[in-house]
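Shown next, in structure tokens, is the structure this report addresses.
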Amino acid sequence: MKKLFAFLLCFVLLSACARQAPPADTTPPATSTDGTTIGASNLTGKDAANTYLVNDNFQCLTESDSAIYKLVSSRDFILYYDKGSGNSGPLCSKPDCDHTGNECDAYVCGASSLQYYDGSLYFVALDPNTFPIETWLWKSDSSGKNREKIKQLDRESIIYYYQPQSFVIHRDNLYLFCIDSKVENDAAFYHATLLSSPLDSSTQFTVLWEQEENAVLQLSYRFGGQYIYLAIKEGANNVKIIRLNTLDGTIETLFTEVNQGYYYGEIHLTKQNELYLCGSDATAVYAWKIENGEKTDTVIIESDSNFPPKILDGLVIDTRPNADNQRVATVKTLSGETVYEGLLFPNGIPEMEAELDLNTCNYGEVGGTGSLIAFYMGADGNGTKPAEYIVYLDTAQNMKPVLIFPC
């Protein structure tokens, strides 16, 4: 399978208690989790960065102007990469720390998200010193020091009930994107919900949107000012894109397409608030501009990859194996200009090739900024070399690897 993380989408479809959701196209008043109607609120703070992908990132990577941070959930550690010096390692400044235990500054217990926001790092993790154990939104400075608990996420009414997979801070609010499943009368239903709460110590959460279907649901989202753009993929070939106004809770349907034979990917929002959707069929991959309820064929790349391309900060990339089983890539701008076409790793990556075969190891695009495209590279979980790396390829320098660090 070409894309590394596709199988992970299945884990979000967990069992939950039966509940009644509103019809898909209604716009009820936003309500808190205790049923109270919530009025409009003012937005302050900064926008969430639309740098990394949703389904292929899983909140593992985030960055500031000077550093890249990665959450390694399997090790309960936060790693960093300094863009200026190239130094990398656990986010810990203790001089004698061996970075193996919970006394290390980089240690986080059961963390499920990581985000750099407005000069600080935020993550959702457990507090192992509580019983029963509690889930919190934590904050630290960019060096990992001065860690503090910001907001408790109630495990019964939020974590277990809504089962959020994504936690995103935008304009001084915390947003939770949730998908779960239930069985009723021997039929499976899938339930998606978007919750929000101010970036403070309050424990009240607002239900901004929810939808229930008997088809598998997948979400992708982007943030722009007062709006959240949300794409709901229903089953394999149906998609709906809505725009939620966080000031007044109103929801506008921007685009709907049903059974047109495309396999849809994620949405993308440019810095100019132009909205794009990617997709694929048996012969090509596409990036469509969404405007006035219609889609326009902005980028078409002939390809047999069977997976939608990635749209990353103005670039569209399609990767696939060639006849010699070497990985190749086509990169175009959103205006259709070809930026690169050829081997995905024309320069090789000596720092990684001792541990990984670049053409057979697991890999996947996870995000990008400017001319840089970020890839996760790792050995198969059953392999003998469980090495993992993040590598940034520069499309302006013939896909030269410019940032590399192990994870």
Side-chain angles (χ1 to χ4, degrees), residues 5 8-17 33-34 48 52 54 57-62 69-80 89-94 97-118 120-170 172-181 193-206 381 388 407:
F5 299 113
L8 288 174
L9 291 173
C10 295
F11 92 97
V12 302
L13 304 176
L14 306 173
S15 297
C17 298
T33 50
D34 63 7
Y52 290 95
V54 175
N57 180 31
F58 286 93
Q59 301 76 55
C60 290
L61 281 169
T62 187
Y69 304 92
K70 177 170 175 56
L71 173 64
V72 184
S73 300
S74 61
R75 293 170 53 192
D76 285 343
F77 267 68
I78 297 174
L79 305 181
Y80 81 97
L91 188 65
C92 177
S93 57
K94 293 181 178 179
C97 186
D98 61 6
H99 311 307
T100 58
N102 57 13
E103 298 301 317
C104 176
D105 284 345
Y107 174 78
V108 286
C109 180
S112 55
S113 75
L114 178 67
Q115 182 179 350
Y116 177 85
Y117 175 80
D118 199 16
S120 300
L121 285 173
Y122 291 84
F123 52 93
V124 173
L126 305 177
D127 182 353
N129 298 315
T130 57
F131 183 82
I133 200 164
E134 297 172 351
T135 301
W136 285 80
L137 173 69
W138 301 72
K139 176 184 178 181
S140 75
D141 62 28
S142 58
S143 67
K145 293 182 178 180
N146 301 316
R147 186 177 297 185
E148 60 179 312
K149 294 190 292 188
I150 301 298
K151 178 191 294 289
Q152 185 176 0
L153 281 68
D154 184 81
R155 295 180 70 78
E156 293 295 330
S157 63
I158 299 296
I159 301 301
Y160 295 150
Y161 189 83
Y162 289 100
Q163 302 180 24
Q165 292 84 44
S166 302
F167 306 83
V168 182
I169 298 171
H170 172 75
D172 288 349
N173 283 272
L174 174 66
Y175 294 94
L176 282 63
F177 295 86
C178 321
I179 297 181
D180 63 353
S181 66
T193 319
L194 171 59
L195 308 178
S196 75
S197 185
L199 195 60
D200 56 23
S201 61
S202 64
T203 58
Q204 189 178 58
F205 284 78
T206 302
E388 297 179 290
C407 55

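For reference, positions follow the sequence shown, starting with 1.
Inter-residue side-chain proximity for Leu174 and Leu137 is flagged as met; some heavy-atom pair is nearer than 4.5 Å. Side-chain contact between Leu91 and Leu121 is present, with at least one heavy-atom pair separated by less than 4.5 Å. In this structure, Leu176 and Val168 have side chains that are not in contact, with every pair of non-hydrogen atoms separated by 4.5 Å or more. For the pair Cys407 and Glu388, the minimum side-chain heavy-atom distance is below 4.5 Å. Put simply, the side chain of Cys92 reaches to within 4.5 Å of the side chain of Cys97, judged on heavy atoms. Under the 4.5 Å side-chain criterion, counting only non-hydrogen atoms from C-beta, His170 is in contact with Tyr175.
Stacking of Lys151 on the aromatic ring of Phe205 is recorded, both the 6.0 Å distance cut-off and the 45° axial limit being met.
Judged by distance alone, with hydrogens and angles left aside, the side-chain atoms of Gln165 form a donor-acceptor pair with the main-chain N or O of Ile179 at under 3.5 Å. Using a distance-only test at 3.5 Å, with no hydrogens or angles considered, a donor-acceptor pair links the side chain of Ser197 to the main chain of Gln204. With hydrogens and angles disregarded, no donor-acceptor distance shorter than 3.5 Å links the side chain of His99 to the backbone of Pro90. Checking side-chain atoms of Trp136 against main-chain N and O of Val124 turns up no donor-acceptor pair under 3.5 Å. Between the side chain of Thr62 and the backbone N or O of Tyr116, at least one donor-acceptor pair lies under 3.5 Å. A donor-acceptor pair under 3.5 Å links the side-chain atoms of Tyr69 to the main chain of Ser142, judged by distance alone.
In this structure, the separation between SG on Cys104 and CZ on Arg75 is 9.5 Å, given to the nearest 0.5 Å. Ser120 OG to Gln115 CD: the interatomic distance, rounded to the nearest 0.5 Å, is 11.0 Å. Remark: Ile159 CD1 to Leu126 CG distance equals 9.0 Å, nearest 0.5 Å. Atom OG in Ser113 sits 7.5 Å away from atom CG in Leu71 (nearest 0.5 Å). Separating the CG atom in Asn102 from the CZ atom in Phe77 is a distance of 8.5 Å, to the nearest 0.5 Å. For the atom pair Gln152 CD and Glu134 CD, the distance stands at 4.0 Å (nearest 0.5 Å).
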Exercise. Step by step, work out the side-chain contact (heavy atoms from CB on, under 4.5 Å) result for Ile78 and Val108.
Key: CA-CA 7 Å; Ile78 297 174; Val108 286; 3.9 Å; yes
Quiz prompt | Lys70/Cys60 under side-chain contact (heavy atoms from CB on, under 4.5 Å): CA gap, chis, key distance, verdict | solution = CA-CA 5 Å; Lys70 177 170 175 56; Cys60 290; 3.5 Å; yes
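For Lys94, the NZ atom is densely surrounded, since the number of other residues' heavy atoms within 6.0 Å is greater than 12.
The two residues Ser112 and Phe167 have their closest heavy-atom pair at OG-CE1, 3.5 Å. Of all non-hydrogen atoms in Asp141 and Ser143, the two that sit nearest each other are OD1-OG, 2.7 Å. Of all non-hydrogen atoms in Ser140 and Phe123, the two that sit nearest each other are OG-CE2, 4.5 Å. Nearest heavy atoms, Asp105 versus Arg147: O-NH2, 2.7 Å.
Between Lys149 and Asp127, at least one side-chain nitrogen of the basic residue sits less than 4.0 Å from a carboxylate oxygen of the acidic one, meeting the salt-bridge criterion.
Residues meeting the side-chain contact (heavy atoms from CB on, under 4.5 Å) test with Asp172, sequence neighbours left out: Thr44, Tyr117, Leu199. Every residue was checked against the side-chain hydrogen bond (donor to acceptor under 3.5 Å, both in side chains) condition with Tyr107, not counting sequence neighbours, and none meets it. Listed by chain and number, the residues in a ring pair (Phe, Tyr, Trp, His ring centres under 6.0 Å) with Tyr80 amount to none (sequence neighbours excluded). Every residue meeting the ring pair (Phe, Tyr, Trp, His ring centres under 6.0 Å) condition with Phe177, not counting sequence neighbours, appears here in chain and number order: Tyr221. Residues satisfying the side-chain contact (heavy atoms from CB on, under 4.5 Å) test with Pro128, not counting sequence neighbours, are Cys109.
The stretch residues 153-165 participates, sequence neighbours left out, in no salt bridge (charged side-chain N to carboxylate O under 4.0 Å, His left out) pair at all.
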